[in-house]
Amino acid sequence: MTNVNPYKAIVIGASAGGWKALKIILGALPCDFPLAVVVVVHRHPHSDDYLEKSLDNDCVVRVKQADEKETIRRGTVYFAPPNYHLLVEDAHTLSLSVAQAVNYSRPSIDVLFESAAYVYGETLVGLVLTGANSDGAGGLKKIKEMGGLVLVQDPETAEASAMPRAAIAAADPDYILPLDEIGQFVRNLVSNPQTRNPKKWTT
């Protein structure tokens, strides 16, 4: 009997150093990657979509900036536009919001993660990468509470370690992985669904 993959989407949060990390991770995904990927990266509110276009050129998966009410499709990577919160809605569509900043951030990783946790539940994977604040820690905890799989970049491999450290403290992640292993780990998740065998990070 063929194993049915238990996951439908991955949400990723990053801040300082995030673009370099995302290029490595997204670059490891195949063109037929069967999950949707939704990403929040902290950046200047007046940024354009150059970085999404650059990643789209460099990666074989499709990478784009999210649009209001856009249907979430597998094999596509959606980025929150600058200065907009990005949320997942019950109909598996994306929603943009100009509500006030959360954790001094808009877009906020916590806003994305918490909305996705309620929609996807145990079929969601959450990943916190490098960053210099604590955004994403509360949202990752919510994903864990809703039964999702929780991943954090090893702080020792992060350009800025504050965000992964905060996520580890708040969410008790299932896996803590060095940056150069995350892309392959995600590929393995979908090609050979596995039981959880947590790798804990220690000082």
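Count residues from 1 along the sequence. Since we're looking at a predicted model, the values are computed, not measured.
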remark   = Scanning both residues in full, the closest heavy-atom pair of Gln65 with Glu70 reads O-OE1, 4.2 Å
key: Residue pair Asp110 / Asn103, side-chain donor-acceptor N/O under 3.5 Å   = yes
salt_bridge(Asp58, Lys23) N-O dist < 4.0 Å = yes
task = State, with a plain yes or no, whether a side-chain heavy atom of Val60 is found less than 4.5 Å away from one of Leu29.
result = no
task = Measure the CD-CG distance between Glu181 and Asp154 for me, rounded to the nearest 0.5 Å.
result = 9.0 Å
query = Would you say the side-chain atoms of Ser15 and His42 include a donor-acceptor pair closer than 3.5 Å?
reply = yes
Under-4.0 Å salt bridge between Lys141 and Glu114 = no
task = Determine, stepwise, if the pair Val125 / Leu151 fulfils side-chain contact (heavy atoms from CB on, under 4.5 Å).
result = CA-CA 7 Å; Val125 179; Leu151 316 176; 3.8 Å; yes
ask   = Looking at side-chain heavy atoms only, is the closest gap between Val37 and Val61 below 4.5 Å?
value = no
message = I want to check something: taking the side chain as every heavy atom from C-beta on, are Val102 and His85 in contact at a cut-off of under 4.5 Å?
response = yes
request  = Using modelled atom types only, decide if a donor and an acceptor are shared between the side chain of Ser108 and the backbone of Ser105 within a distance under 3.5 Å.
outcome  = no
task = Specify the closest pair of heavy atoms between Ala66 and Leu96, including all atoms of both residues, with the distance to one decimal.
result = O-CD1, 4.1 Å
ask   = Any side-chain heavy-atom pair from Ile24 and Asp180 closer than 4.5 angstrom?
value = no
message = Could you check whether any side-chain heavy atom of Met146 comes within less than 4.5 Å of a side-chain heavy atom of Tyr118, counting everything from C-beta outward?
response = yes
query = Under the salt bridge (charged side-chain N to carboxylate O under 4.0 Å, His left out) criterion, do Lys8 and Glu122 qualify, and how do the steps go?
reply = CA-CA 9 Å; Lys8 293 181 179 178; Glu122 63 184 12; over 6 Å; no
ask   = So, for Ser134 and Ala166, which heavy atoms are closest and what is the spacing to 0.1 Å?
value = CB-CB, 3.8 Å
inquiry  = Quick check: do Val119 and His92 have side-chain heavy atoms less than 4.5 Å from each other?
reply    = yes
query = Can you tell me how far CZ of Phe79 sits from CD1 of Ile12, rounded to the nearest 0.5 angstrom?
reply = 7.5 Å
request  = Find out whether Gln153 and Val128 are in side-chain contact, i.e. whether some heavy atom of one side chain is under 4.5 Å from a heavy atom of the other.
outcome  = no
ask   = What is the distance from atom OH of Tyr104 to atom CG of Asn133, rounded to the nearest 0.5 Å?
value = 10.0 Å
query = Nearest 0.5 Å, what's the CD1-CG distance between Ile182 and Leu177?
reply = 6.0 Å
ask   = Checking side-chain hydrogen bond (donor to acceptor under 3.5 Å, both in side chains) against Asn83, which of Arg43, Arg106, His46 comes through?
value = Arg106
query = What is the distance from atom CG of Leu149 to atom CD1 of Ile143, rounded to the nearest 0.5 Å?
reply = 9.5 Å
inquiry  = So, taking the atom named SG in Cys59 and the one named CG in Leu22, what distance separates them when rounded to the nearest 0.5 Å?
reply    = 9.0 Å
message = Checking Leu86 against Val111 for the side-chain contact (heavy atoms from CB on, under 4.5 Å) test, could you report, in this order, the C-alpha distance in whole Å, the side-chain angles of both residues, the deciding distance, and whether it holds?
response = CA-CA 7 Å; Leu86 181 61; Val111 168; over 6 Å; no
Minimum side-chain heavy-atom gap Leu129-Ile25 below 4.5 Å = yes
